[in-house]
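Before any comments, here is the structure.
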Amino acid sequence: MLDIRLIREQSDDVKSRLASRGSDLSAEVDAILACDAERRRSETELQQLQADRKRLSKEIGGLRAKGQDSSAIEAEVKSFGDRMDALNRAATELDEKQRTLLLNIPNLPSPTTPVGADAAANPVLREWGAKPALVRTEDHVAIGGRLGLFNFELAAKISGSGFVVYTGAGARLERSLINFLVDLHTIEHGYREILPPFVVRSESLVGTAQLPKFADQQYRCADDELYLAPTAEVPVTNLERDELKALSDLPIKYAAYTPCFRREAGSAGLGTRGLIRMHQFDKVELVKITTPEDSDAELETLTANAERVLQLLGLHYRVIELCTGDIGFGSQKTYDIEVWAPGQQAYLEVSSCSNFGDYQARRMNLRHKDAEGKNRFCHTLNGSGTALARLYVALLESGLQPDGSVLLPEPLHRYFGSDRIG
RNA sequence: GGAAGGGUGGCAGAGUGGUCGAAUGCGCACGCCUGGAAAGCGUGUGUGGGGAAACUCACCGCGGGUUCGAAUCCCGCCCCUUCCGCCA
C-alpha cells in the first residue's frame with residue numbers, strides 16, 4: 001500500500017512511476033485523491049461537531065451536578081445528531097473506499113529498477129558457471145519416466161491435471177532437496193527455520209498483496225474462508241503482522257519449506273511441460289524484515305544466499321533484474337535467478353528475490369522503533385531459496401550420464417544416500 | 001458439533017454511564033546515584049486523522065443501538081482461549 005501522503009503531495013511523480021510499469025493508473029490515482037479530499041472534508045466537519053458536543057455535554061454534567069436545569073443545552077446537542085450521523089457514515093464509507101482503492105495500486109518501482117516494457121527488457125546482471133557439455137540430452141519428463149521418479153497420470157487420477165506424484169527414488173530426491181536447502185539457509189546463512197500452516201486467512205493474503213487483486217489465482221476453501229498459501233511468503237511474513245519491533249530485533253531472517261498452491265488461471269501451457277509449472281510445488285522461501293536503511297543491502301545478500309544453492313549444486317545459472325514492466329505487483333525491485341536446463345535448452349526461473357520496501361508492511365501494520373524512538377514501517381523482502389520442481393528438472397537434465405543414469409552433485413549425496421539415480 | 005470465558009497502550013492488567021486516553025506493574029528513554037554496573041530514586045513514554053500553528057478530533061476487537069454523554073448498558077458479527085464430543 002502506498003502512503004496516501006506521498007500520493008497527495010507528489011501525485012505527478014507517483015503517476016509517472018506507476019506508468020513505468022506499463023499501464024496508466026492516472027485515473028485510479030485521481031480517484032484516490034478525490035476520495036481523500038472528500039473524506040477529509042467530512043472528517044473535519046464531523047470533528048468540529050464532536051468537539052462542540054463534548055464541550056456541551058460536560059456543561060450538562062456540571063449543571064446536573066449542581067441540580068440546575070440543562071434542558072436547553074440538551075436540546076441543542078441533540079440537534080447535532082442527524083448531521084453527525086450522516087457525516088460519520090460518509091467518513092467511514094470514504095475511508096473504506098480509499099483503502100480499497102489503495103490496495104489495488106501496485107508498488108512504485110525503485111529508482112534503480114531498469115525501465116522497460118516487458119521481460120525482453122530485463123538485463124542479465126551476471127552468469128555463473130557454464131552450460132554443461134553433455135554426451136546425452138534428454139527431457140526431464142523422459143528421464144523421470146524411464147527411472148520411475150514421478151508420474152503425472154497417477155496424479156491426475158487423484159487430483160486432476162497440473163499435479164505430480166513423486167515415486168520411489170524420485171520422492172526421496174525431492175525430500176533430500178528440501179533438507180539440503182533448509183539446512184543450508186539455517187545452518188550456514190543464519191535464517192531461523194519456520195514450518196508454518198499451509199492454509200491462511202484472507203487478511204494474510206491482503207498483507208502480502210495477493211488479495212484483493214489476485215483472488216482468481218488462489219485456492220480458496222469457501223466454507224471456511226481460508227486459502228491454500230501460494231507461497232511461504234504469506235504465512236511467514238504475516239507472522240510479524242501488527243507487530244512493533246525494536247531496532248535490536250532487526251533484521252529478522254526466516255527460512256521456511258512449504259508446498260505452494262497456485263491455480264494458474266489463464267496460464268498457457270499448464271501441464272504440458274512436465275514439472276515446470278504446476279498447481280502444487282515445493283519451495284524453500286527466505287523472508288527478511290528489516291529497516292528502510294538496510295533493505296537494499298539485505299536484498300543483495302538474500303540473492304547471494306539463493307545463488308549459493310546453485311553454486312553448491314554446480315548448476316549453471318544467470319541472474320537477471322526485472323524491469324519496471326515485468327516487476328511484481330508489490331515489489332519495488334526484483335532479481336530473478338534462472339537455472340540452465342539442458343533438456344529444455346532454456347533458463348528456468350528458480351528464484352525471485354524482491355524488496356517490497358514498506359509496501360507490505362503498511363498493509364499488515366508492521367512497524368519498528370527507529371533510533372529516535374519514532375515508529376516507522378519496516379521493509380520486507382523475500383526470495384525463493386529455491387523453488388524445488390525446476391531445480392529438480394535442472395538436476396536431472398544436467399546430471400544425465402551416457403548410460404541414462406543421473407549423477408547427483410556431491411552435497412546431495414549424504415541427503416539422498418547415494419551419488420546417483422538409476 | 002456442544003458449553004463456558006475472554007478481546008483495553010510495546011507487554012501484563014485495573015476500570016459497569018460524565019474530568020477515563022484510561023490506574024498500577026513491567027519494558028523502554030533520559031537523569032541522579034556508582035570507579036563501572038546492578039539495585040534504588042526521579043522524570044518521561046500509545047496510535048492515527050485534521051491543522052501553518054496554537055490546537056483539536058478519533059481510537060479500549062468490528063459494526064449498529066440506547067443516551068445530552070458509552071471502554072462501561074443493549075444487539076449483531078469477527079477472533080482467541082478452555083472444557084466436552086469426534087478424530088490423526
Side-chain angles (χ1 to χ4, degrees), chain A residues 1-9 32-103 195-207 211-212 220-227 235 238-250 252 289 291 358 361-378:
Chain A
M1 198 158 72
L2 299 183
D3 183 358
I4 182 61
R5 258 175 271 183
L6 182 71
I7 297 177
R8 200 186 291 153
E9 288 159 18
I32 289 169
L33 288 170
C35 189
D36 179 53
E38 204 184 331
R39 190 193 99 251
R40 287 189 294 158
R41 211 178 308 122
S42 299
E43 281 180 8
T44 305
E45 189 185 345
L46 176 63
Q47 285 174 7
Q48 185 55 53
L49 287 173
Q50 282 170 327
D52 290 345
R53 181 179 72 179
K54 192 175 186 179
R55 180 173 47 78
L56 292 170
S57 289
K58 281 186 179 176
E59 282 183 33
I60 293 169
L63 287 172
R64 288 194 177 183
K66 284 182 276 181
Q68 294 173 358
D69 176 58
S70 60
S71 55
I73 305 179
E74 283 179 34
E76 185 185 354
V77 173
K78 203 165 188 176
S79 73
F80 294 174
D82 287 350
R83 183 64 186 152
M84 288 181 70
D85 267 3
L87 286 166
N88 187 29
R89 233 179 290 275
T92 306
E93 207 171 282
L94 289 164
D95 198 64
E96 224 165 89
K97 181 181 167 194
Q98 183 173 320
R99 180 173 167 82
T100 303
L101 288 167
L102 282 170
L103 287 177
L195 187 55
F198 305 155
V199 175
V200 296
R201 290 209 178 107
S202 61
E203 296 97 290
S204 298
L205 286 159
V206 171
L211 286 181
R220 173 165 166 255
C221 310
D223 286 346
D224 301 292
E225 192 50 27
L226 292 170
Y227 296 79
N238 276 284
L239 291 174
E240 305 299 338
R241 177 150 45 100
D242 288 320
E243 291 287 317
L244 177 57
K245 316 305 292 187
L247 213 44
S248 57
D249 295 333
L250 305 177
I252 294 168
I289 315 287
T291 62
D358 65 8
R362 278 182 195 283
R363 288 175 163 248
M364 66 175 79
N365 189 33
L366 164 55
R367 299 165 301 165
H368 76 275
K369 289 233 182 260
D370 69 13
E372 280 84 49
K374 285 245 179 204
N375 295 342
R376 289 189 306 172
F377 288 106
C378 296

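Reminder, nothing fancy here: chain letters follow the sequence lines and each chain counts from 1.
The nearest whole Å value for the distance from the CG atom in A:Leu94 to the C1' atom in B:rA58 is 16 Å. Rounded to whole Å, atom C1' of B:rG48 lies 13 Å from atom CD of A:Gln98. Between the CZ atom of A:Arg201 and the C1' atom of B:rC62 there is a distance of 14 Å, given to the nearest Å. Residue A:Asp242 contributes atom CG, which lies 14 Å from atom C1' of B:rC59 at whole-angstrom precision. Straight-line distance from the CG atom of A:Asp85 to the C1' atom of B:rU67: 13 Å, rounded to whole Å. Whole-Å rounding puts the A:Arg40 CZ to B:rA58 C1' distance at 16 Å. When rounded to the nearest whole Å, the span between CG of A:Asp95 and P of B:rG50 equals 10 Å. The nearest whole Å value for the distance from the CE atom in A:Met84 to the P atom in B:rG64 is 13 Å.
In this structure, A:Arg376 reaches neither bases nor backbone, as no heavy-atom distance under 4.0 Å exists between it and the strands shown. At the heavy-atom level, A:Leu244 lies under 4.0 Å from the strands shown only through sugar-phosphate atoms. Here A:Arg41 lies out of heavy-atom contact (under 4.0 Å) with every strand.
The partner of B:rG40, taking Watson-Crick or G-U wobble pairs whose two distances both stay under 3.5 Å, is B:rC32. For B:rU19, there is no paired base (Watson-Crick or G-U wobble, both distances below 3.5 Å). Both distances falling under 3.5 Å, in either a Watson-Crick or a G-U wobble arrangement, place B:rG76 opposite B:rC62. In this structure, B:rG1 and B:rC84 make a Watson-Crick or G-U wobble pair, each of the two defining distances being under 3.5 angstrom. Under the Watson-Crick or G-U wobble criterion, with both distances below 3.5 Å, B:rU67 is left unpaired in every strand shown. Taking a pair to require two hydrogen-bonding distances under 3.5 Å in either a Watson-Crick or a G-U wobble arrangement, B:rA12 pairs with B:rU24.
Taking every heavy atom of both residues into account, A:Leu33 and A:Arg8 meet most closely at CD2-CA, 3.7 Å.
Look at the C1' atom in both B:rG69 and B:rU19: the space between them is 13 Å, to the nearest Å. A gap of 42 Å separates the P atoms of B:rU34 and B:rG21, to the nearest Å. Nucleotides B:rG31 and B:rU82 have their C1' atoms positioned 46 Å apart, rounded to a whole Å. Atom name C1', nucleotides B:rU8 and B:rA3: the rounded distance is 26 Å, in whole Å. If you take atom P in B:rC30 and the same atom in B:rG15, they sit 35 Å apart, rounded to whole Å. Look at the P atom in both B:rA53 and B:rG35: the space between them is 47 Å, to the nearest Å. Comparing B:rG17 with B:rU66, their C1' atoms sit 11 Å apart, to the nearest whole Å. Atom name P, nucleotides B:rC86 and B:rC79: the rounded distance is 25 Å, in whole Å.
At B:rG46, none of the side-chain N or O atoms of A:Asn375 fall inside 4.0 Å of OP1 or OP2 (strictly under the cut-off). Residue A:Arg8 has a polar side-chain atom (N or O) positioned under 4.0 Å from OP1 or OP2 of B:rG50.
A:Lys97 NZ: 12 or fewer foreign heavy atoms inside a 6.0 Å radius. The neighbour count for A:Glu93 CD, taken as heavy atoms of other residues, nucleotides or ligands under 6.0 Å away, does not exceed 12.
In this structure, the side chain of A:Arg363 engages the main chain of A:Leu103 through a donor-acceptor pair within 3.5 Å. A donor-acceptor pair is defined here as one N or O able to donate and one able to accept, closer than 3.5 Å; such a pair exists between the side chain of A:Asn238 and the backbone of A:Ser204.
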Show me the protein contacts with nucleotides 55-57 of chain B, counting only N or O atoms at under 3.5 Å.
unit_1 : atom_1 : unit_2  : atom_2 : d
B:rC57 : O2'    : A:Gln50 : OE1    : 2.8

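Using a 4.0 Å cut-off between charged side-chain N and carboxylate O, A:Arg99 and A:Asp95 make no salt bridge. We find that A:Arg39 and A:Glu43 are joined by a salt bridge, their nearest charged nitrogen and carboxylate oxygen being less than 4.0 Å apart.
Between A:Asn88 and A:Ile73, the residue whose closest nucleotide on RNA chain B is further toward the 5' end is A:Asn88. If A:Arg89 and A:Lys374 are placed on RNA chain B by their nearest nucleotide, the residue sitting closer to the 5' end is A:Lys374.
Contacts of A:Asp370 classified as side chain to side chain contact (heavy atoms under 4.5 Å, CB included), with partners at least two apart in sequence or in another chain: A:His368, A:Glu372, A:Lys374, A:Arg376.
With a 4.5 Å cut-off on side-chain heavy atoms, A:Arg40 and A:Leu94 do not count as touching.
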